[in-house]
Amino acid sequence: MPELPEVETIRSSLEPLVVGRTVTTVEVRRGDLRRPLASDFASSLEGRSIRRARRRAKYLLLDLDDGMSWMLHMGMSGRFLHTPAGAGRAPEKHDHVLVHLSDGSRLVFNDPRRFGLMTVEDAASSSLLEGIGPEPLDERSFNGAYLAGLRARTTRALKDLLMDQRVVAGVGNIYANESLFLAGLRPRRRIARTSAAQCQTLAVAVRTVLGEAIEHRGSSISDFLDGVGRRGGYQWRRRVYDRKGEPCPVCAAAIKSVVVAQRASYYCPRCQR
DNA sequence: GTAAACCTGGCA
DNA sequence: TGCCAGGTTTAC
């Protein structure tokens, strides 16, 4: 579920509630996530205080006072919710890990599909982040020249590239579709057949779409919630994602759907070329 | 490259 | 009942 804007929204909602707090106890109710929790997961968190809440790609990183980081990925259906002290919340079916903090509040990792993962490790040397591409909001590393530079190396479709975490960090299916719409480029267009100017347009579109999605606190198309249980608002602003057959907001042509790189893709046949 | 795998829930 | 889902990895 969560792509870059959703993870960033979780991060910003939790930051004031967890930074400076110390982990008291960790309850693991189900440790068989996408990768099973390490046997020392609880002991590597207990007694540590949280120094900083960061994000890299779709990972939330809670930096600890011993140099390690609590790294979380939400997969498709993960939620990471903070519950204030005294607000009793009976554990729900898919509450897999409960982390109690020094102020009596707690963090709950809930994930029906269990595609998410959590580890405590040195983020700087973590294999999870190895090979992840540039952050799209950093225009020094992600820009038209960077995309244009890929043209000599691959013939892949634009949509396939945008969703590849080694090419650009944090873009998933919703925002790849929305970015291509804003850029006026079809999902199946080959990057080799994309001009330098179009690469520049696409880079700007990705940043624009992600920035707008962060402003609207992410997309709650079915069930995304931020760290304190609020829904996002970008689902009301999406132009093409999951709108097959509906009129294009620009030209009213019916939105089409095709599969690119195993994922449903949506585009306007008139606005996108 | 492409398909299938992981897992649960919602919807037609 | 079958298909689909915001993701990633692994195997032909």
Side-chain angles (χ1 to χ4, degrees), chain A residues 1-11 29-37 55-60 71-80 92-97 109-119 126-133 136 153-181 187-188 190-192 206 209-210 212-214 216-227 230-245 257-266:
Chain A
M1 160 193 14
E3 304 181 32
L4 186 156
E6 288 75 32
V7 179
E8 180 58 30
T9 300
I10 294 171
R11 188 205 68 74
R29 304 177 78 231
R30 265 201 93 143
D32 55 336
L33 306 180
R34 190 173 99 218
R35 288 160 45 157
L37 286 186
R55 180 194 56 74
R56 171 76 172 113
K58 297 173 189 171
Y59 288 90
L60 175 64
M71 305 176 60
L72 299 95
H73 193 292
M74 307 301 157
M76 290 280 262
S77 59
R79 283 179 180 169
F80 193 45
E92 292 178 11
K93 187 173 181 185
H94 301 293
D95 287 352
H96 303 313
V97 178
F109 184 77
N110 176 289
D111 185 7
R113 295 176 72 176
R114 305 206 308 284
F115 286 176
L117 68 83
M118 287 196 280
T119 68
S126 171
S127 62
L128 293 172
L129 300 183
E130 197 178 34
I132 299 267
R153 268 173 267 153
T154 181
T155 65
R156 292 163 68 193
L158 293 177
K159 171 106 179 326
D160 186 21
L161 287 169
L162 289 182
M163 303 230 325
D164 185 338
Q165 300 302 296
R166 295 168 302 182
V167 172
V168 54
V171 177
N173 206 18
I174 297 176
Y175 301 112
N177 280 296
E178 296 298 324
S179 299
L180 287 163
F181 175 77
R188 284 203 283 219
R190 305 279 171 166
I191 193 165
V206 169
V209 164
L210 293 174
E212 191 184 1
I214 290 169
H216 290 271
R217 310 187 58 78
S219 299
S220 294
I221 284 168
S222 61
D223 53 13
F224 166 71
L225 299 178
D226 72 7
R230 290 175 297 197
R231 288 170 58 81
Y234 193 79
Q235 66 277 16
W236 306 114
R237 301 193 65 99
R238 81 199 130 99
R239 316 283 196 215
V240 290
Y241 177 78
D242 204 20
R243 290 204 186 283
K244 180 182 181 180
S257 169
V258 290
V259 173
V260 181
Q262 274 81 282
R263 308 299 298 278
S265 305
Y266 305 88

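Letters A, B, ... are given to chains in the order of the sequence lines, protein chains preceding strands, and every chain is numbered from 1. Everything quoted here is computed from the prediction, not taken from an experiment.
The CZ-C1' distance, from A:R263 to B:dA3, rounds to 14 Å in whole Å. One can place CE of A:M71 at 18 Å from P of C:dG7, the figure rounded to the nearest angstrom. At whole-Å resolution of the value, CE in A:M163 and P in C:dT9 are 13 Å apart. A:Y59 places its OH atom 13 Å from the P atom of C:dG7, with the value rounded to the nearest Å. Distance NZ (A:K244) to P (C:dC3): 15 Å, rounded to an integer number of Å. For the pair A:R156 CZ and B:dG1 P, the computed distance is 7 Å after rounding to whole Å. Between the CG atom of A:L72 and the P atom of C:dG7 there is a distance of 17 Å, given to the nearest Å. Rounded to an integer number of Å, the gap from NZ of A:K58 to P of C:dG7 is 4 Å.
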(message) side chain to side chain contact (heavy atoms under 4.5 Å, CB included) for A:H96 and A:N110? Distances and angles first, verdict last.
(response) CA-CA 6 Å; A:H96 303 313; A:N110 176 289; over 6 Å; no
(request) Report the C-alpha separation of A:M71 and A:S126 in whole Å, then their side-chain angles, then the decisive distance to 0.1 Å, and conclude whether the side chain to side chain contact (heavy atoms under 4.5 Å, CB included) test is met. (result) CA-CA 10 Å; A:M71 305 176 60; A:S126 171; 3.6 Å; yes
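Comment: A:D32 engages A:R114 in a salt bridge, judged by a side-chain N to carboxylate O separation of less than 4.0 angstrom.
Nearest-nucleotide positions on DNA chain C place A:E3 closer to the 5' end than the other of A:R35 and A:E3.
Between the P atoms of C:dC3 and B:dA3, the separation comes to 15 Å (whole Å). Between C:dA11 and B:dC7, the two P atoms lie 15 Å apart (nearest whole Å).
For the pair A:L72/A:I10, no side-chain contact is recorded, criterion being any heavy-atom separation below 4.5 Å from C-beta on. Counting heavy atoms from C-beta outward, A:L225 and A:R231 have side chains that approach closer than 4.5 Å. Proximity of A:F109 to A:M74: side-chain heavy atoms (C-beta onward) are separated by under 4.5 Å at one or more points. A:R156 has its side chain within reach of A:D164: a pair of non-hydrogen atoms, C-beta onward, lies under 4.5 Å apart.
Among the protein residues, A:A261 comes within range of no part of the nucleic acid, since none of its heavy atoms lies under 4.0 Å from any strand. At a threshold of 4.0 angstrom between heavy atoms, the contacts of A:T154 with the nucleic acid are absent. Within 4.0 Å (heavy atoms only), A:D111 reaches no atom of the nucleic acid at all. Among the protein residues, A:S219 comes within range of the nucleic acid bases, having at least one heavy atom under 4.0 Å from a base atom. Looking at heavy-atom distances under 4.0 Å, A:Q262 makes contact with a base. Counting non-hydrogen atoms under 4.0 angstrom, A:Y175 reaches nothing in the nucleic acid.
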(request) Summarise protein proximity over nucleotides 5-12 of chain B in one line of letters, 5' to 3': B for base, S for sugar-phosphate only, - for none, counting protein heavy atoms closer than 4.0 Å. (result) -BBBS---
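A:N173 and A:K159 share a side-chain donor-acceptor pair at under 3.5 Å.
Dashed line: the shortest gap from a side-chain N or O of A:Q165 to OP1 or OP2 of C:dT8 is under 4.0 Å. Under 4.0 angstrom from either OP1 or OP2 of C:dG7 there lies no side-chain N or O belonging to A:H73.
In DNA chain B, the stems built from three or more successive Watson-Crick or G-U pairs (distances below 3.5 Å) are B:1-6 with C:7-12, B:8-12 with C:1-5.
Between A:Y59 and A:H73, the ring-plane angle classifies as perpendicular under the 30° and 60° cut-offs. Note on ring orientation: taking the six-membered ring where Trp is involved, the planes of A:Y234 and A:Y175 are tilted (angle from 30° to 60°).
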